[in-house]
Amino acid sequence: MPVSKSTGKAKSIKKPDVKVPIPPKQKRLVSGIKPTGQLTLGNYIGALKQFVKLQDEMENTELFIFIADLHAITTPIDRQELKKNIRSIAAIYLACGLNPEKVNLFIQSEVNEHAVLGYIMESTAYIGEMERMTQYKDKKQKQTEGIRTSLMTYPALMAADILMYDADIVPIGDDQKQHLELTRNLATRFNNLYGDTFVVPEGFFPETGARIMSLSDPTKKMDKSNENHKSYILLLDDLASVRNKIKSAVTDSDALIKYDVKKKPGISNLLTIYSSLTNEPVKEIEQKYKDKSYAVFKADLAEIVADALRPIQQRYFEYINNPKLDEILNQGAERARLIASRKIEKVFKRLGMGRVK
Ligand code: ATP
Ligand code: LTN
């Protein structure tokens, strides 16, 4: 600092009269996918495609996208399969167009703080809230014995995943709405109890395709954990079987190509897939196929799906055995750990835990 010759005191510098623009606060986007199986077309349309779009469209936003392997052990899973799924999903993320320059891509279990904050969220949530979760009730029904405690408490871990990074925005499919609402409640409750700590996040739901349905039972969600292989399309399915699955998708008997989820769930689901992959509005697709048969519509859709998957599959094989994939995951985990460790320190302080001052 300059010093006055006469008084020896520090001279204050007159600031130039120019307004320096304050840079907008960086936003954060967080989302994850469970490595419980190979990814489906539902995951692609409802999640991956949205991540890529958001990465390209959102300015001033840092993305945290992770493979939620801690969530994958809420139900039994073979260790070799889990290992394979984790790597495969990471490669698919990149193959679908996630750019590691813009996105922190990492594996959840490599950032220990997730489990710690998950426990703290369990200590913020009430049992009644957990028991009310629709996904828990559905999944519990599918198992007869050995239902794991974490199947019920898992929304607390999901809340931790989101709140850890002060996420402003969380892109998710329709089925995760209830979990996000719970996350918002837990953040607010914690803030009220212990002082402002967490950002209350907003969900982001795709306009079309938030819920792609099963091809064999269009009243149920297309789900990679389903036992019927014809009910879903995997992103890595060979293209001949992709075409077959589309062609044998369940539709009704009146051959009218019209969107009506209640009366015609099968064809409505196929229209949604068509519209999500081509960006054509459903109304225009209905018009285009006004006088055409289901068979013609399905044959065209089969090609559209195959065309969408072909480049993804090509890029997938470039990544899967490439050490570059590990570099990207290391880099992502490092950045995530930095933010997560700071957050946990703050949370411990708020709670009066340990010796943090
Ligand atoms: P599981 O069958 O093990 O419950 P899942 O596919 O429902 O798995 P994730 O793989 O964790 O769950 O889902 C990742 C993202 O993909 C979530 O945002 C979820 O909402 C979205 N998603 C999953 N299935 C569909 C679907 N059929 N339609 C649209 N989005 C989906
Ligand atoms: N619960 C989600 C996966 C998931 C997630 C998250 C999504 C785990 N943690 C955080 C968004 C943000 C699912 O089952 N699809």
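Note: the hydrophobic cluster containing L329 also contains I320 (ILVMFWY, side chain heavy atoms under 4.5 Å, direct or indirect links). A continuous path of Ile, Leu, Val, Met, Phe, Trp and Tyr side chains, each step under 4.5 Å between heavy atoms, connects L105 with V52, placing both in one hydrophobic cluster.
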Quiz prompt | side-chain hydrogen bond (donor to acceptor under 3.5 Å, both in side chains) between N99 and Q55, worked out | solution = CA-CA 8 Å; N99 176 354; Q55 134 195 301; 5.5 Å; no
Quiz item: So L215 and V250, side-chain contact (heavy atoms from CB on, under 4.5 Å) or not? Walk me through it.
Solution: CA-CA 6 Å; L215 298 179; V250 168; over 6 Å; no
Quiz item: Passes side-chain contact (heavy atoms from CB on, under 4.5 Å), F190 versus N192? Steps please.
Solution: CA-CA 5 Å; F190 192 100; N192 289 339; over 6 Å; no
Exercise. Check step by step if side-chain contact (heavy atoms from CB on, under 4.5 Å) holds for I92 and L236.
Key: CA-CA 9 Å; I92 289 192; L236 297 179; 4.0 Å; yes
Exercise. Determine, step by step, whether R243 and E303 satisfy the side-chain contact (heavy atoms from CB on, under 4.5 Å) criterion, reporting the C-alpha distance in whole Å, the side-chain angles of both residues, the deciding distance to 0.1 Å, and the verdict.
Key: CA-CA 7 Å; R243 291 188 183 92; E303 287 321 307; 2.8 Å; yes
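A donor-acceptor pair shorter than 3.5 Å can be found between the side chains of N43 and T40. With 3.5 Å as the limit, one finds a donor-acceptor pair spanning the side chains of Q178 and T134.
Put simply, OG on S276 and CD1 on I45 are 4.5 Å apart, with the number rounded to the nearest 0.5 Å. Here L54 contributes atom CG and T61 contributes atom OG1; the two are 8.5 Å apart, rounded to the nearest 0.5 Å. Rounding to the nearest 0.5 angstrom, the gap separating the CG atom in L63 from the CE atom in M58 is 7.5 Å.
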Under 3.5 Å, side-chain donor or acceptor atoms of residues 154-163 against the rest of the protein: list the pairs with distances, not counting sequence neighbours.
from, atom 1, to, atom 2, distance (Å)
Y154, OH, Q135, OE1, 2.8
D161, OD1, Q108, NE2, 2.9
D161, OD1, H114, ND1, 2.8
D161, OD2, H71, NE2, 2.8
D161, OD2, Q108, NE2, 3.3

Atom pairs and distances, donor-acceptor, side-chain atoms in residues 27-34, under 3.5 Å, two or more places apart:
from, atom 1, to, atom 2, distance (Å)
R28, NH1, Y165, O, 2.8
S31, OG, P171, O, 2.8

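Contacts classified as side-chain hydrogen bond (donor to acceptor under 3.5 Å, both in side chains) and involving residues 342-357 (residues at least two apart or in different chains) are given here: D166-K343, T197-R350. The ring pair (Phe, Tyr, Trp, His ring centres under 6.0 Å) contacts involving residues 252-286 comprise Y274-Y289, Y274-F297, where partners must be two or more places apart or lie in separate chains.
A salt bridge links D175 with K221; the closest basic N to acidic carboxylate O contact falls under 4.0 Å.
Test K264, K262, K258 against D252 for salt bridge (Lys or Arg N to Asp or Glu O under 4.0 Å) and you get one pass: K264.
Listed by chain and residue number, K177 satisfy the salt bridge (Lys or Arg N to Asp or Glu O under 4.0 Å) test with D174 (two or more places apart in sequence, or in another chain). The salt bridge (Lys or Arg N to Asp or Glu O under 4.0 Å) test applied to R189 returns E129, not counting sequence neighbours.
When side chains are defined from C-beta on, F106 counts as touching V111, because their heavy atoms get closer than 4.5 Å.
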